[in-house]
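Have a look at the structure below before the remarks.
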Amino acid sequence: QVQLVESGGDLVQPGGSLRLSCTGSGSTILDQFAIGWFRQAPGKAREGVSCISSSAASTYYTDDVKGRFTISRDHAQNTVWLQMNALKPEDTAIYYCAAVIFPSSGTPGLDPSRYDYWGQGTQVTVSS
């Protein structure tokens, strides 16, 4: 059973930073999975934020976060991070990580339906 655990969400002021983590729990080893970060704000559909290939060779960002967010991973730590800088109130949402087995150099993009496994989410609130 694939288990993903997100952490790092918090209340932060506009312009602040947070780093979210997505870790494989139990026997889940993330090496073979492409990982995506998604978010869902109240009353809105879930949207893709960023994704990274299993080899970390490829990354992708939605236009809203380009230049502000950075996705990275470390196989030894079995973790994928989303570094979020220059946060805006419109970044407020529950953030989810998701996983899918995918060829090592590519990513499946940011269509949620292409991901097979999901974490429970972590709340990010950007407010003064």
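- Tyr60 and Val65 fall into different hydrophobic clusters, where Ile, Leu, Val, Met, Phe, Trp and Tyr side chains are chained together by heavy-atom contacts under 4.5 Å.
- Side-chain contact between Thr62 and Leu110 is present, with heavy atoms from C-beta onward closer than 4.5 Å.
- Atom OG of Ser21 sits about 11.0 Å away from atom CG of Asp74, to the nearest 0.5 Å.
- With contacts defined as side-chain heavy-atom distances shorter than 4.5 Å, the pair Glu6/Leu20 does not qualify.
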**Val49 and Tyr61: CA distance, side-chain angles, deciding distance, side-chain contact (heavy atoms from CB on, under 4.5 Å) verdict** = CA-CA 6 Å; Val49 175; Tyr61 300 90; 6.0 Å; no
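- At least one side-chain heavy atom of Met84 sits less than 4.5 Å from a side-chain heavy atom of Tyr95.
- Going from atom CZ of Arg114 over to atom OG1 of Thr107 covers 8.5 Å, rounded to the nearest 0.5 Å.
- His75 contributes atom NE2, which lies 11.0 Å from atom CD1 of Ile29 (distance to the nearest 0.5 angstrom).
- In this structure, Ser58 OG and Phe102 CZ are separated by 9.5 Å, a value rounded to the nearest 0.5 Å.
- The two residues Ala93 and Ala41 come nearest to each other via the heavy atoms CB-N, 3.8 Å.
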**Asked** Can Asp111 and Ser113 be said to form a side-chain hydrogen bond (donor to acceptor under 3.5 Å, both in side chains), step by step?
**Response** CA-CA 5 Å; Asp111 179 353; Ser113 68; 2.9 Å; yes
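- Contact check for Leu82 versus Phe69: side-chain heavy atoms found under the 4.5 Å cut-off.
- Put simply, Tyr115 and Phe33 are part of two different groups of oily side chains (I, L, V, M, F, W, Y) that touch within less than 4.5 Å, one to the next.
- Evaluation of the disulfide bond (SG atoms under 2.5 Å apart) test over residues 68-108, restricted to residues two or more places apart or in two chains, returns Cys22-Cys97.
- Heavy-atom minimum distance, Val80 versus Ile52: CG1-CG2, 4.1 Å.
- The heavy-atom pair separating Cys51 from Gly109 by the smallest distance is SG-O, 3.7 Å.
- Across every non-hydrogen atom of Pro14 and Ser128, the tightest pair is CD-N, 3.7 Å.
- For the residue pair Thr28 and Gln1, the shortest heavy atom distance occurs at OG1-O, 3.3 Å.
- Contact check on Lys88 versus Asp64 returns no salt bridge, with no Lys/Arg side-chain nitrogen under 4.0 Å from an Asp/Glu carboxylate oxygen.
- Ring centroid separation for the pair Phe38 and Trp118 comes in under the 6.0 Å cut-off.
- Counting only heavy atoms from C-beta outward, the side chains of Glu47 and Arg39 approach each other to under 4.5 Å.
- The closest side-chain donor-acceptor pair between Ser17 and Asn85 falls under 3.5 angstrom.
- Residue Gln120 holds its CD atom at 13.5 Å from OG of Ser7, rounded to the nearest 0.5 Å.
- The shortest side-chain heavy-atom distance between Leu30 and Leu4 falls under the 4.5 Å cut-off.
- Taking 4.5 Å as the limit, some side-chain heavy atom of Leu87 sits within range of a side-chain heavy atom of Leu18.
- To the nearest 0.5 Å, atom OG1 of residue Thr125 and atom CD1 of residue Ile94 are 9.0 Å apart.
- The minimum heavy-atom distance linking Pro108 with Val100 is given by the pair CG-CG1, 3.5 Å.
- Cation-pi geometry between Arg46 and Tyr96 is met: under 6.0 angstrom from the ring centre, within 45 degrees of the axis.
- Val124 places none of its side-chain heavy atoms less than 4.5 Å from the side chain of Thr92.
- Among pairs with a residue in residues 54-85, none fulfils disulfide bond (SG atoms under 2.5 Å apart), at least two apart in sequence or across chains.
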